[in-house]
Amino acid sequence: MAGIYLHIPFCKQACYYCDFHFSTNQKYVNEMTEALCTELKLQNDYLQQEPINTIYFGGGTPSLLSKEHLKHVLDIIKANYRISKSPEITLEANPDDLTFDKLKSLYDLGINRLSIGIQSFNQEVLGFLNRAHNHEQALSCFQNARKAGFDNISIDLIYAIPADSHDNWQHDLDQALALKPEHISSYSLTIEPKTTFGNWLRKGNMPAIDEEFSASQFEILTERLTQAGYEQYEVSNFCKPGYYSRHNSGYWKQEKYLGIGPSAHSYDGVNRRFNISHNPKYMQALLESKIPYEEDILTAEDKINEYLLTTLRTKWGADLEKIKKEWKYDITSEHHAYLEQLFIKNYAVIEDNHLRLTRSGLLLADKISSDLFKV
Ligand code: SF4
């Protein structure tokens, strides 16, 4: 099974923390949609006819696309790829785009999962992040989505906002849980250099993220959501039983995926490709039937390290037998003393030949993975 990711590189305005690829100039939405469709046709053998199990509209802001644009893209996918019997079709959406009529049209197109960028229910926090939506829209979009028929909704929340309080974070979680979404993704705010926050930090107009504050908000998050019946199946992802994001789980399980659009990545089980992150150059290349990408030839070390980095963030953990068989890397003997320390500190366990991190280990997932890297 494989997945298709489509990057929609437009947003209404730039959130101050965001370093994804997007443009606030929406003049070329028609041309971009045509370019995406051309790339879909040109790439139709990339996944070697594997059935498509997931389609994911990400960005940027896919909810800016009209019903006609989305239908056109989905029709091209159906005409050029083998689709599995019940694919997961996700659309990332911003609350300010989600009127009832828009939601109904998305549902009628066959989109069966929404990932809504709520981020916070607190008006001050939304303003600080420069989000385009307000507190009322954060709530009404969800209620409208339910009325339109969506029964698989994920919401995004951000924590570790400077000068915020645990009370506000608890209140955000209260509001989120009251909506009963099937899935919640929650990330700590990070300050990336090429963003407004990065600029403020350099000029001393904003404090750095307080790691201890962030860690305690993460503790509150995991505690509250697990108590409410959500399963933490990845460091930042929680779901009601059975509602894993099939698309993201595919990334974490090293399944093949095709990324369409500027800045999108692809993986064919062997190498990775990266499309150019430049809207005009991307559209021009596609007009000439060329795909503007660079390719990374992955070494055995790259594959092992990527595998550790992604799987140790999940509840499934890293399959030690697979690593030994496929890449001749025996972690238990190479890192015997280090693993012993992880077990003593209750950061990790080995069960069924899988190395898994405990809840406290998950806080250090990236550090532990890199300590186990093959170099
Ligand atoms: S809407 Fe999403 S992609 Fe666009 S700027 Fe904000 S966070 Fe980034």
Side-chain angles (χ1 to χ4, degrees), residues 5-29 32-33 36 56-66 69-70 90-99 102-103 106 111 113-138 140-142 145 153-162 164 172 176 181 183-201 206 209 236-237 245 247-248 251 259-265 274-279 282:
Y5 170 84
L6 299 122
H7 190 84
I8 311 303
F10 301 107
C11 292
K12 276 185 196 160
Q13 63 190 49
C15 302
Y16 288 163
Y17 57 91
C18 180
D19 75 341
F20 292 159
H21 171 70
F22 66 91
S23 166
T24 50
N25 177 359
Q26 295 174 42
K27 211 165 137 193
Y28 297 104
V29 173
M32 181 59 75
T33 306
L36 298 177
Y56 192 103
F57 289 91
T61 310
S63 51
L64 286 175
L65 291 190
S66 66
H69 287 131
L70 290 164
T90 304
L91 183 117
E92 284 181 357
N94 279 343
D96 43 309
D97 294 328
L98 297 181
T99 60
K102 174 85 178 197
L103 284 155
L106 296 175
I111 289 162
R113 184 172 182 273
L114 284 180
S115 171
I116 308 181
I118 288 178
Q119 314 307 353
S120 174
F121 296 92
N122 180 311
Q123 190 55 50
E124 253 181 64
V125 171
L126 291 171
F128 175 70
L129 299 173
N130 200 38
R131 295 290 304 179
H133 67 277
N134 60 35
H135 161 81
E136 284 83 22
Q137 287 166 324
S140 63
C141 71
F142 193 95
I153 305 178
S154 178
I155 64 174
D156 289 350
L157 296 174
I158 293 185
Y159 59 91
I161 311 286
D164 204 17
D172 261 352
H183 189 281
I184 297 177
S185 297
S186 187
Y187 293 87
S188 171
L189 180 67
T190 51
I191 301 186
E192 305 297 339
K194 290 182 188 161
T195 60
T196 299
F197 281 165
N199 194 21
W200 288 359
L201 182 67
M206 180 175 176
I209 301 297
S236 307
N237 286 278
S245 159
H247 188 80
N248 289 344
Y251 293 151
I260 298 288
S263 83
H265 301 179
F274 306 86
N275 279 0
I276 190 170
S277 299
H278 192 286
N279 289 2
Y282 171 83

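Everything numeric here is computed off the predicted structure, so don't read it as measured data. In each ligand, atom 1 is the first atom listed, and ligand 1 is the first ligand listed. All values below come from the heavy atoms of this structure, side chains included, with hydrogens, waters and symmetry mates left out.
Within the model, atoms CG of Asp96 and CD of Glu136 stand 13.0 Å from one another, a figure rounded to the nearest 0.5 Å.
Annotation: protein N, O or S atoms under 2.8 Å of atom 6 (Fe) of ligand 1 (waters excluded) comprise Cys15 SG.
Residues satisfying the side chain to side chain donor-acceptor pair (under 3.5 Å) criterion with His133, sequence neighbours excluded, are absent altogether.
Contact record, Gly259 with Asn275: O-ND2, 3.8 Å, taken as the closest heavy-atom pair.
Ranking the protein heavy atoms by distance from atom 3 (S) of ligand 1 puts Gly60 N, 3.4 Å first.
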When you look at Phe197 and Phe128, which way does the ring-ring contact (aromatic ring centres under 6.0 Å, His included) test go after all the steps?
CA-CA 10 Å; Phe197 281 165; Phe128 175 70; 4.9 Å; yes
Given Lys102 and Asp97, is the salt bridge (Lys or Arg N to Asp or Glu O under 4.0 Å) satisfied, shown in steps?
CA-CA 8 Å; Lys102 174 85 178 197; Asp97 294 328; over 6 Å; no
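His265 has its ring centre less than 6.0 Å from the ring centre of Phe274.
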